[in-house]
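See structure below.
The structure presented is a predicted model; accordingly, all values stated were derived computationally and were not measured.
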Amino acid sequence: MQNFFVKSHGLGNDYFVLNEAELSFKLNEKNIQLLCDVHYGIGSDGILLKVPSDKADFGLKIYNPDGSEAEKSGNGLRIFAKYLYDYSHTSGKKFTIETLGGIVTAEVTRETKGIASQVKVDMGKAIFDSHQIPVTCDSPECLDHPLNIVDETYLINCVSVGNPHCVILRDRLVEGEILKHGSEIENHPMFPHRINVQFAKVISRNEVEILIWERGAGYTLASGSSSCAVAAVMVKKGLTDRVLSLKMPGGTLHIEIDEDWNIRMIGEVREIASGYLSDELIADALCL
Ligand SMILES: N[C@@H](CCC[C@H](N)C(=O)O)C(=O)O
């Protein structure tokens with residue numbers, strides 16, 4: 001199984017899973033960029049690396065395609081849970097996973113003949129404290145706070161769900177607008193760890209539509225942690241109920257936020273391919 005990978009997606013947000021114990025080389029910022037490149041590597045929105053954990057059943061490291069490490073990923077967690085279940089790393093349907101952004105519980109909620117197709121994740125708590133997110137803001141919570149960029153001022157709402165997010169309410173969602181401003185917001189000096197960006201439009205008390213610009217990845221078709229962040233902000237602002245559907249270009253996720261700000265996410269997950277990294281790709285990765 002040396003250098004075995006499994007590529008999967010959650011609503012078009014694609015990752016491939018590697019097992020550190022089976023890798024013949026060490027991942028670094030540069031070779032992660034190569035592996036995630038669609039022309040020179042496997043191509044993906046990030047890498048999920050299975051690592052040992054002494055605090056949870058499994059450990060997970062999450063890498064963005066620019067080589068940076070993320071604290072958490074909602075789609076990444078569902079994809080990783082499916083990998084653990086499908087490839088017999090676990091016999092149970094419910095298990096814990098340690099990430100840089102905390103320990104979460106994942107549960108396979110739909111499967112056929114040992115292949116998982118839907119996973120529920122208890123993602124942990126939404127945190128609005130500016131220091132913890134982190135966001136450089138003069139208020140303890142950064143809600144409806146103006147953010148000036150080159151030719152626009154947006155009102156931002158910041159939250160951490162283990163990783164940092166900046167939610168901007170819009171009356172109309174225009175893909176070109178997030179493509180134009182996403183990188184500038186992500187890298188704004190207000191965000192010492194950079195930030196994930198969502199443009200969000202409320203459809204009803206139970207439905208919100210979003211567009212996503214991910215830190216370290218750019219525009220993506222879906223994002224689990226972004227959905228959780230938007231849901232938390234909507235509940236905080238009293239704009240929706242606590243059970244809601246998040247509609248993204250890649251599909252819909254279902255999110256629940258309880259009275260203590262614990263977040264639960266449930267959604268689909270699909271495998272795309274599995275195989276072995278070629279010796280040629282590994283040789284190139286070793287040069288970086
Ligand atoms: N696609 C993810 C989010 C991945 C991490 C993010 N880019 C970050 O740097 O925080 C998801 O589904 O949550």
Side-chain angles (χ1 to χ4, degrees), residues 64 66 68 70-74 101 123-242 244-249 253 255 257 261 263:
N64 288 318
D66 71 349
S68 61
E71 304 86 343
K72 222 177 240 181
S73 163
M123 291 282 286
K125 278 188 196 303
I127 294 163
F128 292 95
D129 179 86
S130 297
H131 288 103
Q132 288 185 59
I133 292 172
V135 48
T136 310
C137 184
D138 40 22
S139 330
E141 294 185 336
C142 189
L143 299 169
D144 290 325
H145 191 285
L147 175 96
N148 298 313
I149 55 167
V150 170
D151 51 7
E152 208 47 82
T153 298
Y154 287 118
L155 291 181
I156 58 167
N157 302 280
C158 298
V159 63
S160 169
V161 297
N163 57 346
H165 295 265
C166 164
V167 181
I168 298 170
L169 278 149
R170 307 302 286 151
D171 294 332
R172 228 162 52 89
L173 295 182
V174 181
E175 195 183 296
E177 189 183 352
I178 200 158
L179 290 175
K180 185 173 170 200
H181 297 307
S183 172
E184 203 187 342
I185 303 171
E186 173 195 351
N187 293 291
H188 193 280
M190 269 186 88
F191 310 120
H193 296 175
R194 300 189 285 156
I195 206 142
N196 295 288
V197 184
Q198 299 85 29
F199 283 180
K201 180 182 166 204
V202 179
I203 310 289
S204 71
R205 294 288 307 170
N206 305 99
E207 202 178 6
V208 179
E209 198 176 334
I210 64 171
L211 293 176
I212 302 133
W213 180 272
E214 274 190 39
R215 177 180 64 170
Y219 179 81
T220 57
L221 294 175
S223 163
S225 58
S226 296
S227 301
C228 296
V230 172
V233 165
M234 294 303 156
V235 171
K236 180 88 171 168
K237 292 169 78 70
L239 295 172
T240 64
D241 296 342
R242 289 182 176 272
L244 60 163
S245 298
L246 271 293
K247 276 182 64 182
M248 296 166 281
L253 273 178
I255 312 287
I257 314 275
W261 298 103
I263 310 169

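Counted by atom type alone, Asp66 and Ser68 present one or more donor-acceptor pairs between their side chains at under 3.5 Å. With hydrogens and angles left out, the side-chain atoms of Ser226 and Asn196 include no donor and acceptor closer than 3.5 Å. Inspection of the Ser245 and Glu207 side chains reveals no N or O donor paired with an N or O acceptor under 3.5 Å.
Nearest heavy atoms, Asn64 versus Ala70: ND2-CB, 4.0 Å. Heavy atoms only, all atoms of each residue included: Leu211 and Ile178 are closest at O-CD1, 3.5 Å. Scanning all heavy atoms of the two residues, the minimum distance from Ile255 to Ala231 falls at CG2-CB, 3.7 Å. Annotation for Tyr219 and Pro249: closest pair OH-CG, 3.5 Å, computed over non-hydrogen atoms. When all heavy atoms are compared, the tightest approach of Asn157 to Asp144 is OD1-N, 2.9 Å. In this structure, Gly182 and Val197 approach most closely via the heavy-atom pair O-CG2, 4.1 Å.
At least one side-chain heavy atom of Lys236 sits less than 4.5 Å from a side-chain heavy atom of Leu143. When side chains are defined from C-beta on, Phe191 does not count as touching Pro134, because their heavy atoms never get closer than 4.5 Å. Taking 4.5 Å as the limit, every side-chain heavy atom of Pro164 sits out of range of all side-chain heavy atoms of Val135. Taking the side chain as every heavy atom from C-beta outward, Gln198 and Ile168 never approach each other to under 4.5 Å. Residues Val150 and Glu152 fail the side-chain proximity criterion, which asks for heavy atoms closer than 4.5 Å.
Listed by chain and residue number, Arg194 satisfy the salt bridge (charged side-chain N to carboxylate O under 4.0 Å, His left out) test with Glu186 (two or more places apart in sequence, or in another chain). Partners of Tyr154 by ring pair (Phe, Tyr, Trp, His ring centres under 6.0 Å), not counting sequence neighbours, listed by chain and number: His181, Phe199.
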Open item on the list: Under the criterion side-chain contact (heavy atoms from CB on, under 4.5 Å), I'd like the reasoning laid out for Leu169 against Leu155: C-alpha separation, chi angles, the key distance, then a yes or no.
Closed with: CA-CA 8 Å; Leu169 278 149; Leu155 291 181; over 6 Å; no

- [ ] Begin with the C-alpha distance, continue with both residues' side-chain angles, and end with the deciding distance and a verdict on side chain to side chain donor-acceptor pair (under 3.5 Å) for Ser160 and Gln132.
- [x] CA-CA 8 Å; Ser160 169; Gln132 288 185 59; over 6 Å; no

Open item on the list: One pair to check against salt bridge (Lys or Arg N to Asp or Glu O under 4.0 Å): Glu177 and Arg170. What are the steps and the verdict?
Closed with: CA-CA 11 Å; Glu177 189 183 352; Arg170 307 302 286 151; 2.9 Å; yes

- [ ] Tell me, with the steps shown, if Met248 and Leu253 meet side-chain contact (heavy atoms from CB on, under 4.5 Å).
- [x] CA-CA 8 Å; Met248 296 166 281; Leu253 273 178; 3.8 Å; yes

- [ ] Determine, stepwise, if the pair Ser73 / Ser225 fulfils side-chain contact (heavy atoms from CB on, under 4.5 Å).
- [x] CA-CA 6 Å; Ser73 163; Ser225 58; 5.5 Å; no

TODO: Go through the steps to decide whether Val208 and Ile203 satisfy the test side-chain contact (heavy atoms from CB on, under 4.5 Å), and finish with yes or no.
DONE: CA-CA 5 Å; Val208 179; Ile203 310 289; 5.8 Å; no

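More than 12 non-hydrogen atoms from other residues, nucleotides or ligands lie less than 6.0 angstrom from NZ of Lys237.
A salt bridge links Glu71 with Arg215: at least one charged nitrogen is closer than 4.0 Å to a carboxylate oxygen.
With hydrogens and angles disregarded, no donor-acceptor distance shorter than 3.5 Å links the side chain of Asn206 to the backbone of Leu244. When atom types are taken as modelled, the side chain of Lys72 and the backbone of Val161 share a donor-acceptor pair closer than 3.5 angstrom. The backbone N or O of Leu246 lies less than 3.5 Å from no partner atom in the side chain of Ser227, so there is not a single donor-acceptor pair.
To the nearest 0.5 angstrom, His131 atom NE2 is 8.5 Å from Thr136 atom OG1. A distance of 4.5 Å separates SG in Cys137 from CE in Met190, rounded to the nearest 0.5 Å. Distance check, rounded to the nearest 0.5 Å: CE of Met123 to CD1 of Ile257 gives 10.0 Å. Between Leu179 atom CG and Trp213 atom CH2 the span is 6.5 Å, to the nearest 0.5 Å. To the nearest 0.5 Å, atom NE2 of residue His145 and atom CD1 of residue Ile156 are 7.0 Å apart. Between Ile212 atom CD1 and His165 atom NE2 the span is 10.0 Å, to the nearest 0.5 Å.
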